[in-house]
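For reference, the structure discussed in these notes is given below.
Residue numbers start from 1 in every chain, and the chains themselves are labelled A, B, ... in the order their sequence lines are given, proteins ahead of strands.
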2 protein chains.
Amino acid sequence: MTTAQHAVDYDERVISAAREVFAQQGFAAPVSEIAELAGVGVASIYRRYPNKRRLAERVRIAAMSRVIAEAESAGEVEPDPWAAFVRFVRGCLRAHTGIGVVLPPYEESEDVSEELTRLRQRMIEHIEELVVTAQRAGQLRGDLRSADVFLLFKHLNPPLATEEDRRAELRQRYLELLLPGLRERADRLPGEAPDWDELFQMCVPGGQ
Amino acid sequence: MTTAQHAVDYDERVISAAREVFAQQGFAAPVSEIAELAGVGVASIYRRYPNKRRLAERVRIAAMSRVIAEAESAGEVEPDPWAAFVRFVRGCLRAHTGIGVVLPPYEESEDVSEELTRLRQRMIEHIEELVVTAQRAGQLRGDLRSADVFLLFKHLNPPLATEEDRRAELRQRYLELLLPGLRERADRLPGEAPDWDELFQMCVPGGQ
DNA sequence: CCCACGCGGAATGACTCGTTCCGGTGAGGA
DNA sequence: TCCTCACCGGAACGAGTCATTCCGCGTGGG
């Protein structure tokens with residue numbers, strides 16, 4: 001069964017590379033890049049998946065499962081609702097979760113598989129629960145909706161935003177979430193300060 | 001001078017359309033789309049600008065000037081430092097300011113014009129001042145840096161993010177800015193609630 | 001009524017990317 | 001040791017996209 005084992009490894013490397021590439025660059029990323037990251041030839045990818053779209057679907061299903069797992073474990077590990085919520089958000093943003101792959105539609109006319117639809121529903125329900133629980137405890141601002149969580153994820157995964165995100169209304173909403181967090185407050189945690197020079201260089205065009 | 005006036009109108013329409021298109025889709029957007037939005041033929045654009053890059057440079061210079069103007073007027077109009085800061089951020093995000101065009105580098109090896117460099121410096125100084133002033137007044141969280149403002153703008157302009165933004169460190173930082181704003185607090189303003197159904201449909205893939 | 005001038009949009013050539021094809025290679029059997 | 005053959009990497013192919021250029025037309029001034 002050496003051969004079969006080998007095939008499994010191959011699969012795993014490909015899926016993992018696809019998650020990373022798709023999450024960072026969106027589904028428009030070239031297959032060749034996935035192949036390179038996985039250290040295989042493109043043909044090996046096409047030998048296992050009929051086309052790019054199917055590969056993407058597999059990756060999405062895997063990523064959604066991870067998000068669900070993240071939500072479940074967050075609720076179990078952290079008794080405090082706010083802590084659970086924060087743990088979930090942070091967990092989803094860890095690279096290996098691949099939230100960036102969960103968010104964007106592959107294409108306008110994607111015929112969504114049944115499995116994907118079911119997972120999506122479960123995922124939403126889990127997030128809903130985390131939000132509502134934290135709100136009932138008076139720890140999460142009451143006007144937050146689970147849709148906001150997706151919005152937040154989307155903005156934290158810049159390259160994945162689609163046409164609609166640009167709508168002024170959504171930007172407005174996002175800003176409303178952000179600004180209150182910027183005001184000085186006694187209970188703010190110190191937190192680690194990033195390297196300011198580096199941050200500047202990365203954020204400002206034509207950086208010195 | 002009817003002809004000259006006509007040419008000016010033309011120019012203005014093109015620049016304005018370019019700002020909109022570039023801000024929304026990034027500099028990779030096709031020139032033809034700018035032409036269509038401006039209601040002119042592509043040739044008319046190339047008759048006035050030698051190539052796409054030069055057009056982009058013009059647009060950036062115009063946008064940076066507007067950002068600077070926004071910062072100046074915010075400081076003058078609002079005596080309260082926090083209000084001035086918020087007004088500036090909101091002002092930059094208004095479509096006609098074109099902050100989305102200011103942020104991204106056009107390309108790796110862009111030879112930045114002198115004018116652009118000078119404007120960039122002025123812009124940074126203005127933002128610095130707004131931030132520091134609000135901090136001295138104890139209204140803006142003290143760990144905010146002007147670089148954060150760019151980071152914020154970048155994330156509020158999803159399609160413009162570049163390779164580097166995805167670095168885990170930056171995401172981490174951004175999250176730190178966001179999360180405190182989500183906690184329940186007495187002084188939170190009510191604000192207008194968006195249409196949740198619509199928000200969901202836009203944020204969740206395969207939306208019902 | 002004629003004629004440049006300026007315009008819109010089609011044509012061109014370079015390039016990217018999904019998918020397929022092909023020659024090489026190494027493990028395993030004779 | 002040599003032969004197979006299943007599997008692999010990367011080159012090849014065809015379609016599509018986009019920056020830039022070219023061309024014939026409409027029109028306003030003479």
Side-chain angles (χ1 to χ4, degrees), chain A residues 1-18 20-22 24-60 101 104-111 159 163, chain B residues 1-22 24-60 101 104-111 159 162-163:
Chain A
M1 284 260 147
T2 298
T3 305
Q5 185 55 50
H6 181 220
V8 168
D9 282 359
Y10 235 83
D11 252 29
E12 211 141 307
R13 259 195 296 162
V14 168
I15 287 283
S16 165
E20 194 155 328
V21 170
F22 283 148
Q24 291 207 342
Q25 311 188 19
F27 290 124
V31 173
S32 61
E33 198 150 333
I34 296 171
E36 193 175 356
L37 182 60
V40 306
V42 275
S44 296
I45 293 181
Y46 280 91
R47 230 166 265 125
R48 282 168 179 74
Y49 305 93
N51 52 45
K52 187 182 178 184
R53 173 178 298 236
R54 286 299 181 86
L55 169 61
E57 189 175 291
R58 274 288 189 91
V59 172
R60 287 178 83 149
V101 154
Y106 182 83
E107 217 181 71
E108 280 308 325
S109 61
E110 183 180 25
D111 63 321
E163 176 76 30
Chain B
M1 285 262 147
T2 298
T3 305
Q5 185 55 51
H6 181 218
V8 169
D9 282 357
Y10 235 83
D11 251 29
E12 209 140 309
R13 258 194 297 162
V14 168
I15 287 282
S16 165
R19 171 169 29 77
E20 192 154 330
V21 170
F22 283 148
Q24 290 208 341
Q25 310 188 20
F27 290 124
V31 173
S32 60
E33 198 151 333
I34 297 172
E36 193 175 356
L37 182 61
V40 306
V42 276
S44 297
I45 293 181
Y46 279 91
R47 228 166 268 123
R48 284 169 179 73
Y49 304 93
N51 52 44
K52 187 182 177 182
R53 173 178 300 235
R54 287 299 182 87
L55 169 61
E57 188 174 292
R58 276 289 189 88
V59 171
R60 286 177 85 149
V101 155
Y106 182 81
E107 218 179 73
E108 279 310 321
S109 60
E110 184 180 24
D111 63 321
T162 53
E163 177 77 29

Return the value, rounded to whole Å, for the distance between atom [atom1] of [X] and atom [atom2] of [N].
| X | N | atom1 | atom2 | answer |
| --- | --- | --- | --- | --- |
| E33(B) | dT20(D) | CD | P | 16 Å |
| Y46(A) | dA11(D) | OH | P | 16 Å |
| I45(B) | dC7(C) | CD1 | P | 12 Å |
| L37(A) | dG9(D) | CG | P | 14 Å |
| R54(B) | dT20(D) | CZ | P | 12 Å |
| Y10(A) | dA6(D) | OH | P | 17 Å |

* To do: Would you mind classifying the nucleic acid contact of A29(A) as base, sugar-phosphate or nothing, using non-hydrogen atoms under 4.0 angstrom?
  =>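 Touches sugar-phosphate only.
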* Asked: With sugar-phosphate meaning primed atoms plus P, OP1 and OP2, does V42(B) contact a base, only sugar-phosphate, or nothing at under 4.0 Å between heavy atoms?
  ->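 Answer is base: heavy atoms of V42(B) come under 4.0 Å of a base.
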* Exam field: side chain R13(A) to backbone A38(A), donor-acceptor pair closer than 3.5 Å ->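 Yes, R13(A) side chain to A38(A) backbone: donor-acceptor pair under 3.5 Å.
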* Does any N or O in the side chain of K52(A) come within less than 3.5 Å of the main-chain N or O of P30(A), such that one atom is a donor and the other an acceptor? ->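 Pair absent, no side-chain N/O of K52(A) close to backbone of P30(A).
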Looking at [N], I'd like to know if its phosphate oxygens (OP1 or OP2) sit under 4.0 Å from a side-chain N or O belonging to [X].
| X | N | answer |
| --- | --- | --- |
| R47(B) | dG6(C) | no |
| R48(A) | dC8(D) | yes |
| S32(A) | dC17(C) | no |

* Nearest-0.5 Å distance that lies between atom CD in E57(B) and atom CG in N51(B) ->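 If we round to the nearest 0.5 Å, E57(B):CD and N51(B):CG are 10.0 Å apart.
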